[in-house]
Q: 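I have a structure I would like to understand better, so I am pasting it below and will then ask my questions one at a time.
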Amino acid sequence: QVQLAESGGGLVQDGDSLRLSCVVSGGTYSDYSVGWFRQASGKEREFVATIGQSGGSTYSADSVKGRFTISRDNGKRTVYLRMNSLRPEDTAVYYCAARRTGLGASVSAAASYDYWGQGTQVTVAS
């Protein structure tokens with residue numbers, strides 16, 4: 001059974017940076033591509049970024065391109081989301097999710113991911 005655990009959220013100011021971590025346990029880590037999603041209060045879950053099994057391919061939402069970077073350390077079974085130039089509209093619960101396929105169709109669809117973490121809160125104050 002694959003389990004994911006996020007950490008690194010917190011309260012920051014407009015323009016600050018944070019790095020979120022997602023530790024993947026169980027399963028064969030290299031089999032999974034891993035994505036980050038976020039859900040603001042009262043809104044639907046939104047795709048943020050995803051990374052392929054080897055880490056060589058990434059895909060990000062337009063809203064975070066140039067500010068957020070996804071990466072993975074396969075030795076540590078950890079996927080990171082580096083968030084720079086944070087804005088109040090980035091405030092949300094951030095979730096990581098894994099699926100046992102590479103990047104391709106439906107990478108931004110939450111329903112295409114099989115395993116989810118519990119989420120970590122990111123709050124950006126203006």
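Side chains included, hydrogens not; waters and symmetry mates left out as well; all remaining heavy atoms used. In this chain, residues are counted from 1 in sequence order.
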Q: Once you round to the nearest 0.5 Å, how far does CZ of Arg38 lie from CD of Glu89?
A: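 Arg38 CZ to Glu89 CD: 8.0 Å, rounded to 0.5 Å.
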
Q: Leu81 and Tyr94: which non-hydrogen atoms are nearest, and at how many Å?
A: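 Answer, listing the atom of Leu81 first, then Tyr94: CD2-CD2, 4.2 Å.
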
Q: How many angstroms lie between atom OG of Ser41 and atom NZ of Lys43, to the nearest 0.5 angstrom?
A: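 So the gap between those two atoms works out to 9.5 Å.
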
Q: Under a 4.5 Å side-chain heavy-atom rule over Ile, Leu, Val, Met, Phe, Trp and Tyr, are Val64 and Val122 clustered together?
A: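 Same cluster.
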
Q: Using the rule that Ile, Leu, Val, Met, Phe, Trp and Tyr join whenever any side-chain heavy atoms are under 4.5 Å apart, tell me whether Val48 and Ile70 fall into a single cluster.
A: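 Result: yes, single cluster for both.
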
Q: Give the minimum heavy-atom separation between Tyr29 and Asp73, together with the two atoms involved.
A: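 Between these two residues, the closest heavy atoms are OH-O, 3.9 Å.
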
Q: Where is the tightest heavy-atom contact between Arg99 and Asp114, given as atom of each residue plus distance?
A: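 That would be CA-OD2, 3.8 Å.
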
Q: Hey, can you pull the donor-acceptor pairs under 3.5 Å for the side chains in residues 50-59, sequence neighbours left out?
A:
residue	atom	partner	partner atom	Å
Thr50	OG1	Val34	O	3.1
Thr50	OG1	Tyr113	OH	3.0
Gln53	NE2	Asp31	O	3.3
Ser54	OG	Gly56	N	3.3

Q: Which atom pair, heavy atoms only, marks the closest approach of Thr78 to Lys76?
A: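 That closest heavy-atom pairing would be OG1-O, 2.8 Å.
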
Q: Within the side chain of Ser60, is there an N or O that forms a donor-acceptor pair under 3.5 Å with the backbone of Ala49?
A: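 Flag not set: sc Ser60 to bb Ala49 has no pair under 3.5 Å.
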
Q: Say whether Met83 and Phe47 are linked into one hydrophobic cluster, either directly or through other cluster members, by side-chain heavy-atom distances under 4.5 angstrom.
A: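 Not linked; separate clusters.
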
Q: What about Trp36 and Tyr115, same hydrophobic cluster or not, with Ile/Leu/Val/Met/Phe/Trp/Tyr joined at side-chain heavy-atom distances under 4.5 Å?
A: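 Trp36 and Tyr115: one cluster.
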
Q: Heavy atoms only: give me the nearest Ser63-Glu46 pair and the separation to one decimal.
A: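 For Ser63 versus Glu46, the nearest heavy atoms are OG-OE2, 3.9 Å.
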
Q: If you look only at distance, which donor and acceptor atoms sit under 3.5 Å apart when one is on a side chain in residues 10-26 and the other is two or more places apart or in another chain?
A:
residue	atom	partner	partner atom	Å
Asp16	OD2	Gln13	N	3.0
Ser17	OG	Asn84	OD1	2.9
Ser25	OG	Gln3	O	3.4

Q: Could you tell me which residues satisfy side chain to side chain donor-acceptor pair (under 3.5 Å) with Lys65, sequence neighbours excluded, listed by chain and number?
A: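 Lys65 satisfies side chain to side chain donor-acceptor pair (under 3.5 Å) with Asp62 once adjacent residues are dropped.
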
Q: Decide yes or no for Arg77 and Arg72: does some side-chain heavy atom of the first lie under 4.5 Å from some side-chain heavy atom of the second?
A: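 Sidechains of Arg72 and Arg77: no contact.
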
Q: Is there a donor-acceptor pair under 3.5 Å between the side chain of Glu6 and the backbone N or O of Gln118?
A: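 Pair found, side chain donor or acceptor close to backbone of Gln118.
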
Q: Ring centres under 6.0 Å, that's the criterion: do Tyr95 and Phe37 meet it?
A: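 Distance test on ring centres: not under 6.0 Å, no.
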
Q: Quick one: does any side-chain atom of Ser126 pair with a main-chain N or O of Pro88 as donor and acceptor, under 3.5 Å?
A: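 Such a contact is absent between Ser126 side chain and Pro88 backbone.
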
Q: Would you sort out whether Val2 and Trp116 count as a side chain to side chain contact (heavy atoms under 4.5 Å, CB included), showing the intermediate values?
A: CA-CA 9 Å; Val2 175; Trp116 290 81; over 6 Å; no

